[in-house]
Amino acid sequence: MFQNIYSPVQKLKINPFSNLFVKRDDLIDPYISGNKWRKLKFILERATIEDKNHLITFGGAYSNHLVATAAAAAKFGFQSTAFVRGEEVKNEMLLLCSLYGMKLIFTNREGYKDKSLLFEKKFGQDKNAYFIDEGGASPEAVMGCTEIVDELREDYDHIFVAAGTGTTAAGLLKAIQNKNLDTKLHVIPILKGGEFIREEISKYTKISENLNLHTTYHFGGYAKTQPELIAFIKSFTAQTGILIDPVYTAKMFYSILDLQKQGKIRETDKILAIHTGGLLGIFGMKDKF
Ligand SMILES: *Cc1c(COP(=O)(O)O)cnc(C)c1O
C-alpha cells in the first residue's frame, strides 16, 4: 500500500574503519526519518485498512517519532495529534510538528504515564482516531524493521544498531533468524541500564546467539553526552560527509570503533551500521557542541 523505499548501502572509507558499510536509512526522508519510517509504514497501512484518518501518538518534546508521524500524516493525508510529555515548550522539532499540522497537547508527567487512559478520555468516542504508542512500538513496527535486512544484497558478519525501545533491533533480529544468517546483531542501548532491551526484544522474537547487547555506550543516558562523543561526531562527519546525532547514531558508530580497538571485532570482518536517521537530535543538544 505504501511504496517500498530501498535505502542505499555505502562503503565508508575512513580510518580506522576498514570494512564498514552504512545502510543510509537517514536518506529515506529528511523528517520521516530512518527507522521511524520503517516503524510507521505498517502502522499507517493498518490505520488505512481500519478506515482511521486521525493518528494519535505520544512523545517527549525532542522525539524524532513525533516529527516523523507529523510529516507522514501530512504526506499521506491523515490528521495527527500528539500528547507531548511535560510543560509547554517551543523548539525546532515541535515547530516542524506544528507546520505539518500536528495538534500538540502538552501533558504533565503524571498524566502522561497512562497513555491508554489519555487516549480513551480524549478520543474514546472518535471513530477516526488511531492509537500509536510512544516511539511507534508495536508488532507492525517490528515487521517494518525486518525489511531493512530483507533489502540487503550481501551478507555481513556484523550488523550494528542503536536502541531506544529495542523495537528496531527486534525487527533486525527477527529477519536475521528468518533468513538463517550467521550475522551477529550488535545492539547499542542509548539509555543507562540497557539490559531491559533484551526483554523488550523477547516480546517479538526469540533471543538467539545472534544477539549481542552492549550496555556501556550510553554516555550518561538519553540526551546525555560527553566531550569525547562530541569530538567523535565532529571528526566522523568531517571525514565522511555523513551527519550523525549525539542521541543515537554517534553512540552506535563509536561502539564499532571501540570494539575494533579492543580486538573484540576483527578489522577484516564485514560490518554494516544501520544509520537510523534522527539528525534533528543535534538541535536538542546544540549547546554541547
Ligand atoms: C528512535 C530512534 C532509535 C531507536 O529505535 P527503537 O526502535 O526505539 O529502539 C534509533 N535511532 C534513531 C535515530 C532514532 O530516532
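Ligands are counted one by one from 1 in listed order, and the atoms in each one are counted from 1 as well.
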- Atom indices of ligand 1, in the order listed, that fall short of 4.0 Å to a heavy atom of Thr168: 5 (O), 6 (P), 7 (O)
- Task: Using a strict cut-off of 4.0 Å, indicate which atoms of ligand 1 neighbour a heavy atom of Gly278.
- Result: 13 (C)
- Task: Could you name each residue pair satisfying ring pair (Phe, Tyr, Trp, His ring centres under 6.0 Å) that touches residues 43-65, not counting sequence neighbours?
- Result: His54-Phe123, Phe58-Phe83, Phe58-Phe131
- What's the shortest distance from atom 8 (O) of ligand 1 to any protein heavy atom, and which residue and atom give it? Thr165 OG1, 2.6 Å
- Query: Checking Thr249 side chain against Ile244 main chain: does a donor-acceptor pair fall under 3.5 Å?
  - Reply: no
- Message: For atom 4 (C) of ligand 1, what's the nearest protein heavy-atom neighbour? Residue, atom name and distance, please.
- Response: Gly164 N, 3.4 Å
- Does Ala169 come within less than 4.0 Å of ligand 1, judged by its heavy atoms? no
- Donor-acceptor under 3.5 Å (Lys39 side chain, Gly135 main chain): yes
- Task: State, with a plain yes or no, whether a side-chain heavy atom of Ile233 is found less than 4.5 Å away from one of Pro246.
- Result: yes
- Between Phe219 and the options Tyr254, Phe232, Tyr248, the ring pair (Phe, Tyr, Trp, His ring centres under 6.0 Å) test singles out Tyr254
- How far is atom 2 (C) of ligand 1 from its nearest protein heavy atom, and which residue and atom is that? Lys36 NZ, 2.4 Å
- Can you tell if the side chain of Lys41 reaches within under 4.5 Å of the side chain of Arg38, non-hydrogen atoms only? no
- Message: Any heavy-atom pair between the side chains of Thr268 and Asn19 that's under 4.5 Å?
- Response: no
- Can you list every salt bridge (Lys or Arg N to Asp or Glu O under 4.0 Å) pair that touches residues 202-231, not counting sequence neighbours? Glu200-Lys203
- Contact check: Gly277 vs ligand 1, nitrogen or oxygen atoms, below 3.5 angstrom: no
- At what distance is the nearest protein heavy atom to atom 5 (O) of ligand 1, and which residue and atom is it? Asn35 ND2, 2.9 Å
- Query: Taking distance alone, with no angle check, do Asp245 and ligand 1 share an N/O pair under 3.5 Å?
  - Reply: no
- Using a 4.0 Å heavy-atom threshold (strictly under), name the region of Lys39 that reaches ligand 1: side chain, backbone, both or neither. side chain
- Message: Tell me the protein heavy atom at minimum distance from atom 11 (N) of ligand 1, and give that distance in Å.
- Response: Thr276 OG1, 2.7 Å
- Side chain, backbone, both or neither: which part of Asn64 comes within less than 4.0 Å of ligand 1 when only heavy atoms are counted? side chain
- Of all the heavy atoms in Gly166, does at least one lie under 4.0 Å from an atom in ligand 1? yes
- Query: Does Ile190 reach the side chain of Tyr222, with side-chain heavy atoms less than 4.5 Å apart?
  - Reply: yes
- So which protein heavy atom does atom 10 (C) of ligand 1 come closest to, and at what separation? Tyr248 CD2, 3.3 Å
